[in-house]
Structure formats: C-alpha cells, structure tokens
Asks: 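Could you have a look at this structure, given as structure tokens, before my questions?
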Amino acid sequence: MSIERNWAGNLEYRAAEVSHPESVDELRALIAAGGPVRILGTRHCFNDIADTAGALIALDRMPAIYEVSAARDSVRVSGGLRYGDIASRLEDEGLALANLASLPHISVAGAVATGTHGSGDGIGALSSAVRGLSILTASGEIRTLARGDEGFDGAVVSLGALGAVLEVTLDVEPTYQIAQHVFEHPSWEAILADLTAVTGAGTSVSIFSMWQRTDVADQIWIKQRVSVTRADARAQQSRRDDLAARLGAAPADGKRHPILGVDPEACTEQGGVAGPWFQRLPHFKLEFTPSAGEELQSEYLVPRADAVAAIEAVRSLADRIAPLLLVNEIRTVRADDLWLSSSYGTDAVGLHFTWKPDEAAVRELLPVLEAALPASARPHWGKVFTLDGTEVRSRYPRWDDFAALAASFDPERRFVNEYLERLGL
C-alpha cells in the first residue's frame with residue numbers, strides 16, 4: 001500500500017503508488033489501463049476527495065504551459081501548475097489575477113475543481129476567473145469548454161468527476177499593488193451590527209478569532225488596492241480609521257500571524273507597506289510552510305443574509321470550539337453561476353476553521369457545529385465535514401444537472417470514488 005499522505009498528514013492515500021506522467025500520451029495510457037482513477041493536485045485537501053485504491057495520478061511533471069492571449073486579457077496554463085508558479089510570471093508581464101487564496105501553494109486545477117476562494121465582497125472564487133478548460137476524459141478524448149458553452153458552468157467546479165484537467169484559461173487584468181493593514185481586538189457586537197461595512201472596508205478583508213474571547217475578535221486584516229491618487233489614498237485611510245474607531249480596534253504595532261503567538265515570518269508583509277498583488281493577497285509566502293502545517297481544516301459558506309446568524313451560532317459554541325481550534329477566519333466571496341460553487345447564486349460569507357490535528361475530536365464536534373449553522377451553509381468540498389450526501393446535495397440547486405454532465409463525460413464512472421459516492425453521484 002502507498003505510504004503517501006495529503007499535505008496535512010491526516011490522510012494516507014490507498015493507491016499502491018502515485019504516478020507522475022510527463023506527457024499527455026503517458027497520462028492517456030495510465031487512464032486507459034482501466035479501473036478507478038483520480039487526479040491528485042498539491043494535496044491541500046483534508047478529506048478523501050482525491051483518494052482511490054485505483055490509479056492515483058499527479059500532473060506536477062506534465063509540460064508546463066503558460067501562454068498569455070494576444071489581447072492580454074487571459075492566460076492559458078497547465079492545470080498542475082501552482083498559483084505561486086504563474087503569479088510572478090504574470091507580474092513580469094504587467095498582468096495580474098483578480099484574486100488569490102490565502103495560500104499560493106495550491107494547484108490551479110485542484111483549487112478550481114474544489115471551489116477554493118480568496119476574499120473580497122466584489123471578487124469571486126478562483127473558479128470564477130476560469131474562461132476555458134481542457135479535460136482528458138476516461139475514453140482518451142480531450143474535451144474543451146469555454147465560458148458560455150453548454151455545460152461550462154457545471155464543468156468548472158467539477159470535484160474531479162469529469163476527467164483530468166490539462167489546461168485552464170484564466171481572466172487577467174493589468175497589475176496592481178496591495179497594502180495590508182492589521183487591526184486588533186475589534187468588538188464582535190460592533191462587527192455584527194454592520195458586517196457589510198467591515199467586509200467592505202478593503203479589497204479583501206479577513207476577520208480572525210481563536211474564540212478564546214467572545215466579546216472581541218483577535219484581528220481584522222484589510223488588504224486594499226493602492227490608489228493612484230493621494231486624495232483617494234487619504235480617503236481610504238480615513239475610512240479605515242473611522243471603522244477602527246467604531247469597532248474599538250487598534251492598529252497592530254508589528255507584523256502578525258493569524259494564529260496568536262505564532263512567528264509571523266511566513267506571512268506576507270503588513271503595516272500598510274504596498275507591494276505586488278501576489279505578495280499581499282495571500283496570507284502566506286510561497287517559500288514558507290503555510291498556516292500551522294499540522295492541522296485540519298473545515299469551512300462553511302452561507303449566503304450573506306445568513307452571515308450574522310452563522311457567526312452568532314459559532315460564538316454560542318465558543319467554549320466547545322476554542323479547545324480544538326487554531327484559528328477561525330471569516331471572509332467573503334462574490335456570487336457566481338457555477339453549479340457546484342459554494343457561492344452559486346449568492347454573495348457568500350465563509351467561516352473557515354483551522355483545527356488542531358485531532359481528527360476524532362474534530363469529527364465529534366462538527367455535527368454540533370453543522371446543526372447550529374443556518375441550513376443554507378455549504379461545506380467546502382476539500383475540507384472536513386460530516387453532513388451526509390443527501391443534505392449536501394439539497395443545498396445545490398443544479399446538482400442533478402451536474403450529475404448528468406458527469407455521466408456524459410464519464411459514463412463508466414471511472415473517476416467516481418467513495419467520496420463522490422457518499423455525495424450521491
């Protein structure tokens with residue numbers, strides 16, 4: 001049996017080995033050999049979404065594709081490349097992505113397929129930037145879909161059920177700079193009294209709490225696009241200062257890590273020092289191990305209308321959550337039309353939990369947390385959750401359409417694993 005594990009180390013893959021093809025022909029041959037198959041990304045999933053006892057295939061050694069369109073409004077990349085691999089190349093050409101996740105270490109195809117996101121009231125999940133996909137199916141056919149094509153909205157957040165994503169075409173825009181500001185000990189009552197003002201205070205906003213206190217959160221990180229005019233910059237500063245005053249929050253007197261007491265060296269620069277988008281939008285630098293390393297993660301996204309109720313539910317369980325928690329992050333995602341996106345049809349607020357690596361205890365707590373959250377809460381596909389498949393499916397209006405799309409791509413169910421079967425695919 002394989003002794004290879006996921007990034008967090010909480011899951012041992014069941015496949016006898018992980019194959020690393022170096023060409024499309026090699027990949028096609030591995031798939032053609034028969035039996036179950038799954039595609040493995042950068043392993044930053046905390047459940048068995050990528051697991052199989054059959055052929056487990058990583059695309060990290062496939063030829064690197066990077067091609068900016070003639071119009072300079074998109075880039076075509078290999079699915080196995082990491083966001084951190086393409087960000088600096090885009091910057092060198094004066095281009096940028098609209099958003100990045102908190103970690104630049106994740107693969108493009110894997111992040112897109114699981115609905116992974118960054119933060120920002122006006123910014124969609126990473127999958128919303130996709131304008132084209134090239135997928136190698138179990139039959140050996142390469143199928144290409146572009147935004148607007150029939151089935152495209154179902155094929156982007158695919159859970160790996162359609163085939164191996166060879167290439168992804170992403171929207172790009174002119175480069176920009178971001179400055180990151182950190183404030184400490186904002187009042188929860190003041191946050192919840194006007195959550196929209198808080199999450200709208202910057203391009204990307206994160207609220208962090210270890211829930212050791214229920215009167216104040218630990219930190220708010222505000223990532224703001226740098227204005228080109230001094231007047232706009234002064235106005236942005238004034239709005240931040242006013243918000244901090246209303247929340248009773250103080251500017252951090254130095255660099256901070258989301259987890260209190262952890263050395264912030266691995267974190268991107270703060271203190272309002274402007275820098276390129278790809279060096280500020282993530283919380284962590286590419287050259288460091290992100291977050292805590294050994295950890296578990298869960299996340300639930302709720303419609304903005306249910307956000308205050310969801311946060312209050314978490315606060316009511318603080319005494320049970322805090323002993324298992326490293327940090328809870330709250331952030332926002334713009335609505336999109338992708339069938340299995342957690343922000344499908346609604347602006348969403350995500351409640352992300354980074355847990356201590358005690359899976360048994362976390363799994364014992366999660367049903368209590370899930371029952372307390374609004375019934376609209378959608379779990380992140382790549383993280384630990386305990387909601388049953390029937391309940392999860394009910395929260396996605398286009399699930400049946402997705403199931404039909406998956407069957408058309410993979411009629412023999414070669415890419416279906418136990419995770420997908422639990423969901424009812």
Side-chain angles (χ1 to χ4, degrees), residues 1-62 78-80 106-116 133 135-143 154-166 296-297 340 359 363 379-386 388-389 392-393 399 402-403 405-425:
M1 296 295 291
S2 169
I3 58 171
E4 297 203 47
R5 294 180 176 270
N6 62 344
W7 176 82
N10 69 304
L11 176 72
E12 182 175 302
Y13 295 113
R14 294 179 297 137
E17 62 178 347
V18 177
S19 299
H20 298 266
E22 298 182 11
S23 69
V24 173
D25 286 343
E26 287 184 31
L27 174 59
R28 184 181 280 115
L30 286 168
I31 295 173
V37 60
R38 291 295 283 174
I39 304 301
L40 186 64
T42 41
R43 310 186 188 204
H44 198 262
C45 284
F46 298 81
N47 57 36
D48 59 344
I49 188 171
D51 194 28
T52 180
L56 191 56
I57 303 172
L59 305 184
D60 55 339
R61 299 179 194 170
M62 294 284 285
S78 314
I106 54 180
S107 70
V108 174
V112 165
T114 54
T116 297
L133 292 166
I135 302 171
L136 178 64
T137 69
S139 68
E141 175 190 9
I142 296 178
R143 297 179 63 172
V156 178
V157 183
S158 68
L159 313 185
L162 307 187
V165 177
L166 302 177
L296 298 172
Q297 292 183 12
L340 294 193
E359 188 156 3
R363 287 187 174 275
H380 187 295
W381 298 113
K383 303 185 189 297
V384 181
F385 62 90
T386 60
D388 67 36
V392 174
R393 292 196 307 274
W399 177 270
F402 174 74
L405 181 70
S408 72
F409 269 73
D410 183 24
E412 296 182 359
R413 299 173 56 82
R414 299 277 310 287
F415 285 90
V416 174
N417 65 352
E418 290 184 2
Y419 172 96
L420 294 176
E421 288 175 342
R422 290 198 303 272
L423 290 174
L425 192 66

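The basis for the numbers below is simple: all heavy atoms, side chains too, and nothing from hydrogens, waters or symmetry mates. Being a predicted model, the structure only gives us computed values, none of them experimental. Positions are given from 1 along the sequence.
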Asks: Side-chain contact, heavy-atom cut-off 4.5 Å: Phe46 with Leu11?
Replies: no
Asks: Could you check whether the rings of Phe402 and Trp399 sit parallel, tilted or perpendicular, using 30° and 60° as the cut-offs?
Replies: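 Ring orientation, 0 to 90° scale: tilted.
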Asks: Calculate, to the nearest 0.5 Å, the distance between atoms OH and CG belonging to Tyr419 and Asp51 respectively.
Replies: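 Going from the OH atom of Tyr419 to the CG atom of Asp51 covers 12.5 Å.
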Asks: Please find the pair of heavy atoms, one from Glu22 and one from Met62, that lie closest to each other, and give the distance.
Replies: C-SD, 4.1 Å
Asks: What I'd like to find out is whether the side chain of Leu27 reaches to under 4.5 Å of the side chain of Leu59, using heavy atoms alone.
Replies: yes
Asks: Under the rule for side chain to side chain donor-acceptor pair (under 3.5 Å), what residues qualify as partners of Ser78, not counting sequence neighbours?
Replies: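 So Ser78 forms no side chain to side chain donor-acceptor pair (under 3.5 Å) with any residue.
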Asks: Who pairs with Ser408 by side chain to side chain donor-acceptor pair (under 3.5 Å), at least two apart in sequence or on another chain?
Replies: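 Testing Ser408 for side chain to side chain donor-acceptor pair (under 3.5 Å), a comparison that skips the adjacent residues, returns none.
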Asks: Ser107 vs His44, test: side chain to side chain donor-acceptor pair (under 3.5 Å). Steps then yes/no.
Replies: CA-CA 9 Å; Ser107 70; His44 198 262; over 6 Å; no
Asks: According to salt bridge (Lys or Arg N to Asp or Glu O under 4.0 Å), does anything in residues 413-425 pair up with another residue at least two apart or in another chain? List the pairs.
Replies: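 Counting only pairs at least two positions apart or across chains, the salt bridge (Lys or Arg N to Asp or Glu O under 4.0 Å) contacts touching residues 413-425 are Arg14-Glu418, Asp48-Arg422.
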Asks: Just wondering, do Pro36 and Asn417 contact through their side chains at under 4.5 Å, heavy atoms?
Replies: no
Asks: At their closest point, which heavy atom of Ala113 faces which heavy atom of Val157, and how far apart are they?
Replies: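 Residues Ala113 and Val157, closest heavy atoms: O-CG1, 3.4 Å.
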Asks: Leu159 vs Leu420, test: side chain to side chain contact (heavy atoms under 4.5 Å, CB included). Steps then yes/no.
Replies: CA-CA 8 Å; Leu159 313 185; Leu420 294 176; 3.9 Å; yes
Asks: Using 0.5 Å steps for rounding, measure from the CG atom of Leu40 to the NE2 atom of His20.
Replies: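 Reported value, rounded in 0.5 Å steps: 8.0 Å.
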Asks: Of the non-hydrogen atoms in Thr42 and Ile106, which two are nearest, and what is the gap between them?
Replies: OG1-CA, 3.3 Å
Asks: Do you know the tightest heavy-atom contact between Cys45 and Asn6?
Replies: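 Nearest pair, atom of Cys45 first, then Asn6: O-ND2, 2.9 Å.
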Asks: Say you draw a straight line from CG of Leu136 to CD1 of Ile31; how long is it, rounded to the nearest 0.5 Å?
Replies: 4.5 Å
Asks: Side-chain contact, heavy-atom cut-off 4.5 Å: Gln297 with His380?
Replies: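 Gln297 does not reach His380 side chain to side chain.
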Asks: When you look at Phe415 and Leu425, which way does the side chain to side chain contact (heavy atoms under 4.5 Å, CB included) test go after all the steps?
Replies: CA-CA 11 Å; Phe415 285 90; Leu425 192 66; over 6 Å; no
Asks: At what distance, to the nearest 0.5 angstrom, does CG of Leu340 lie from OG1 of Thr114?
Replies: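 Nearest 0.5 Å value for the CG-OG1 distance: 11.5 Å.
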Asks: Could you go through Leu133 and Val156, starting from their C-alpha distance and side-chain angles, then the distance that decides it, and tell me whether this counts as side chain to side chain contact (heavy atoms under 4.5 Å, CB included)?
Replies: CA-CA 8 Å; Leu133 292 166; Val156 178; 4.0 Å; yes
Asks: Keeping Asp60 on the side-chain end and Gly80 on the backbone end, is there a donor-acceptor pair under 3.5 Å?
Replies: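 Here the side-chain-to-backbone pair does not exist.
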Asks: Nearest 0.5 Å please: distance from the OG1 atom of Thr137 over to the CG atom of Asp410.
Replies: 8.0 Å
Asks: Arg143 side chain to Ile135 main-chain N or O, any donor-acceptor pair under 3.5 Å?
Replies: no
Asks: Mind listing the closest non-hydrogen atom pair of Ala50 and Leu56 along with its distance?
Replies: O-CD1, 3.1 Å
Asks: What distance do Phe385 atom CZ and Arg363 atom CZ have between them, rounded to the nearest 0.5 Å?
Replies: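 Going from CZ on Phe385 over to CZ on Arg363, the span is 9.0 Å.
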